[in-house]
Amino acid sequence: MTASPSSSHWADILSLRDEVRLTDGSVGELQMSLAKAVYQTVLVPYAKCEYYTDITQPTPLLVGFLGRVARRLGVRGVEAQACFHLDQGMGGGKSHALVGLWHMINDSASFFGSELGHAVAAEATAGGYTFDLSQVVPVILIGESMSPGKTDPRFGPATDLFGRFLWLAFHGHPDRMGRWRHYNDLGANKATLQAVFAELGRPVLIVIDELMDYAMALTDQAAIGGLPGEQAFLNALADAVDDQPQVALVVVMIRSDEDQAGYHPAAEEMREYVAARLRRNGETVTVTEPADFAQIIRRRLFTRAKVDKAARAVADVYLAAADETWTKHVYGKLGPGRSLARLTDRIVETYPFHPDLFELVSKEWSVVQAFQRVRSTVAIFARTVLYWVTEHEAGRWTPDLIGPGDIPLHTSALEALLSSGVLAGNDRAIQGFRAVANTDIIRSGGGSGTAFALDANLAANGVSAGQPAPALRMATACFVYSLVPRAQAARGATKAELIAALAGSDVPYAAAEEIFNALIAGPAEGGLGALDRTQPRHSKGPEWFFLSIKQTLSMYHSNATTMVSNDLALDRVWKRAQQLASKGAFSNLHFVARSINGVTTAAACFADVDGQENRLVVLDPRRWSLLNGKDADTRADLAVAFGVAPGLTTTYAASMVVTMVNTQRRTRARDRARDVLAWELVVAQLDPTDDEYSEACSRRDEARMKLDSDIKWAYQHYAYLLRTTDGLTVQYKTVPDSKTALAGQDVWADLVAASRAVASGALAPEYVGQLITGGSFGRDLTPRELFALPYSNPTWPMVATVEDLRQALFSLATSSEWMLTDSDGNEIRPATPGQIQPASMQQLLRRRPTSIPKPPPEAAPGSESTLAVDPTSTGDSIGESASTTSVPAQAVEEPTYEVTRVRMPLSSLTDDSRREAVWGLIRELASLVDPAKLNMDIQMIGLDITVTARTGDTYHFVTKAKSLPGVTSVIEEEGL
């Protein structure tokens, strides 16, 4: 619940009237009817004087009108105004005032015993006079319930206004019919009317309500002949009343421009004719004004209570919260009439409603002819306050003041608003704004809607404005500001007005601005789909934001966005990522999809990526991502792919680099893809000849460019294999923000900086020599083995090209420390790096002997000391020495033999390092008996092998053993 600025919240101070609660906010009979009050055709609460005076605010204009009529009727010997013309538009309080007249003369005791009656009496007796209304004769004619030329039981034999006037004037007379016939025969003229008043000898109040309804009925072809006679009667009546003391005439005629239906020309002529007579003999009266509006609404909805203290306390809270930023960026931009200096007085006037809401309704909505200021506002506000009172009573958050953003659009308040006349009965506009409210703000009944969902996202990201639904409140404010054009044809609200909708205690401006930015963002970013904006002319003045019901490009796009799922968007991200990826310094690019023929295991997905080459492997963002606490599956799959975890045999994992998206950044790329797909749908819907087609194409292309940027930005991480003291592990790295892991050149540069790769042309032969020496191979290596090491051994850096390694080995083979020999031990001296054979298994790179060689024996006469070869020939296995110069090895003595016995006690292999060491020993034994190594003179070998393994794991080993003659094998259960 909101922090209360005083000891009590407004919902504790103000109590809703029973009829508001009992009718679920509909308040029953909002439109008062004089006919219902007089004739009791329908039971209405305001037919009782006590109820009427209780709900009626004694506003100056209403009190003045009732007081002048009372003075005319009840004070003798005083010149007072006789004729009163009420012509305010609908909802201006005319019917309310007429019901007040009825109670004033029909139940004077109750009426003048009320607060309203005291004020009226003071007006009527100003100057020290006394008055008496107990003998007033009421003549009440209701134009909307009378048919010209037709009789009505209420009016006896009368069929016109004059006859009906006579019948009512002599109500209660013992010879009512006789008096009616007498005067009716005399005719509807001034003299006859003066004679009637003289005979009655009592004050007479004549009320003609809804005269224009009667005038419209007169324009009917069957009744139009009576129109001149009715006009003549009204002319005579106005003159006679003006000349007769203690007789008052009140006529209600609404102008055609104030009536949505408009008038027939003949009826309009009658109105002008009568209005001129009324102006000559009286005045045009207004019974409400904007200044009364808040008090009228408050009186109608709440029981009476003193609110000044609470209102000032709330104002103090608002003022205290208005720091320098709020003052500069909000209150300083709202205009002088809404400045901080006036805020307290404005709040006191409109409490518990925010003055901005009242100003919008009373000054801007009420300009619409069909909007009935009091009646429509009560209907809207009743549902609004009932909703918030219910929330407050349930212990939930409630605003300190009910502002533009607090009309609960997910309740019946929306229909009260749309049917209020603010949209002038425009069915298309009503349907459009209903749809906007349900989709862009909050669904009827709650639970969804763009603004509703945005609040959840903002809260999840830690954005707090000290209230549970700030985006919903700001979007609702934008909705109500958008319903009608505002001053100078502006539409919607400014940024300052929308942020002001969240103002209150403990509301950081930065948070309010962040919410504003989220709402005005494009639909792809979660913003309002129907939001449009107008730029100030010549860059002067603020930008305006409004919700549009026009099928603009934004609306097309918003609708299209609802047709694009997140899955489709991620499909687009994956497709575009493959197009954007570049191998750079890598030898090849591989793309790993989330499944292979429906199989989703890591082993199946990564089965084809192994190979003796530097590979940049791009992962499908639909399945794999890193960080944000949602990457356990990704890390597990990569452990399999790199051979760190069981599941996949990988020989060359050391030369594989895997790139993937960041989990959080993937969301932005996905949303951008939805934006692109939506714009593509919009373009497909439009005809190329449409005015908006080129703009739609432009916005589509712009969205595509942003998608490319966001995809590159999302691919932030890469991984490679690394050997540490604890064994093999997968190392995860992040490229700088200005780089992307989709670009092989960016990743390679990062690997070089981390010493995991060597830049092209920078592989030093001395470094390769150190790697060989420090590798603890225990033997000399063939070129084939050497060229495989950068791809299979993670302790070696990745080498940019084979030529770099060829050049390094050439430098070593021609150095004073290393040499290359053939299978017979003869040194091979390559002339160029190109003569290094990467696939050779017969050559060896070995340390150059440091001992002084013996001189070679003299050659026999006619013999040659070297083998002449063709320098242009090439070869790899049979002719490996064709492009090199072979030097005979030094003469050696007859070989001697030795017997080597190695015994390894039975020991556990559960320790990874131990297992690695044993594997090295076995691998060295395999090297000794390698048939390809003809220079190794191995005469005999015997093996005694004991292996304790899981049942079945040694099956292939035993099968191979049984294939060798003389080899026996025995399998026993452990422990026997």
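Below, each value reflects all heavy atoms present in this structure, side chains not excepted, and no hydrogens, waters or symmetry copies.
When only modelled atom types and interatomic distance are considered, Asp406 and His354 share no side-chain donor-acceptor pair under 3.5 Å. For Asp675 and His557, the side-chain atoms include at least one donor-acceptor pair closer than 3.5 Å.
Nearest heavy-atom pair across Leu343 and Pro355 is CD1-CG, 4.4 Å. Heavy atoms only, all atoms of each residue included: Ala475 and Leu547 are closest at O-CD1, 4.2 Å. Residues Ala451 and Leu519 share a closest heavy-atom pair of CB-CD2, 4.5 Å. Nearest heavy atom pair, residue Leu401 against residue Arg473, reads O-NH2, 4.4 Å. Closest non-hydrogen pair, Leu483 versus Trp365, comes out as CD1-CZ2, 3.9 Å.
At a threshold of 4.0 Å, the pair Arg668-Glu525 does not count as salt-bridged, since none of the basic side-chain nitrogens sits closer than that to a carboxylate oxygen. The pair Glu393-Arg21 meets the salt-bridge criterion, with a side-chain N (NZ, NE, NH1 or NH2) lying under 4.0 Å from an Asp/Glu carboxylate O. Salt bridge annotation for Arg312-Asp316: absent, with no cationic side-chain nitrogen under 4.0 angstrom from a carboxylate oxygen. Ion pair Arg304/Asp54 flagged as a salt bridge, since at least one NZ, NE, NH1 or NH2 atom sits closer than 4.0 Å to an Asp/Glu carboxylate oxygen. With respect to Arg486 and Glu497, a salt bridge is recorded, a charged nitrogen being found less than 4.0 Å from a carboxylate O.
For the pair Val252 and Leu98, the minimum side-chain heavy-atom distance is below 4.5 Å. In this structure, the side chains of Pro468 and Trp397 come closer than 4.5 Å at one or more pairs of heavy atoms. Under the 4.5 Å side-chain criterion, counting only non-hydrogen atoms from C-beta, Leu528 is not in contact with Ile520. Side-chain atoms of Val361 and Phe358, non-hydrogen and from C-beta on, never get closer than 4.5 Å to each other. For the pair Gln664 and Leu627, the minimum side-chain heavy-atom distance is 4.5 Å or more.
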Audit row: Asp532, Trp544, side chain to side chain contact (heavy atoms under 4.5 Å, CB included) steps and yes/no: CA-CA 8 Å; Asp532 211 336; Trp544 291 79; over 6 Å; no
Test log, rule ring-ring contact (aromatic ring centres under 6.0 Å, His included), inputs Phe381 and Phe353: CA-CA 9 Å; Phe381 284 12; Phe353 301 98; 4.6 Å; yes
Side chain to side chain contact (heavy atoms under 4.5 Å, CB included) between Arg298 and Tyr351, intermediate numbers included: CA-CA 8 Å; Arg298 185 162 60 211; Tyr351 184 88; 4.1 Å; yes
Test side chain to side chain contact (heavy atoms under 4.5 Å, CB included) applied to Gln57 and Leu116, step by step: CA-CA 7 Å; Gln57 177 71 18; Leu116 174 63; over 6 Å; no
Criterion side chain to side chain donor-acceptor pair (under 3.5 Å) on Thr56 and His96, from CA distance to verdict: CA-CA 9 Å; Thr56 301; His96 199 100; 2.7 Å; yes
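With hydrogens and angles disregarded, a donor-acceptor distance shorter than 3.5 Å links the side chain of Thr350 to the backbone of Arg346. Formation of a donor-acceptor pair under 3.5 Å by the Arg383 side chain with backbone atoms of Ile407 is not found in this model. The backbone N or O of Ala471 lies less than 3.5 Å from a partner atom in the side chain of Asp455, making a donor-acceptor pair. Thr450 contributes a side-chain N or O that, together with a main-chain N or O of Thr439, makes up a donor-acceptor pair within less than 3.5 Å. A side-chain donor-acceptor contact under 3.5 Å links Trp326 to the backbone of Val507. In this structure a side-chain-to-backbone donor-acceptor pair under 3.5 Å is present from Asp323 to Thr325. Gln467 places a side-chain N or O within 3.5 Å of a backbone atom of Ala465 that can act as its donor or acceptor partner.
Checked against Glu543 for a salt bridge (Lys or Arg N to Asp or Glu O under 4.0 Å), the options Arg491, Arg533, Lys333 give a single hit: Arg533.
His329 and Tyr509 have their aromatic ring centers within a separation under 6.0 angstrom. With ring centers used as reference points, Phe111 lies 6.0 Å or more from His103. Between Phe545 and Phe516, the ring center distance clears the sub-6.0 Å criterion. Taking the six-membered ring for Trp, Tyr387 and His410 have ring centres closer than 6.0 Å. Between Phe546 and Tyr481, the ring centre distance reaches or exceeds 6.0 Å.
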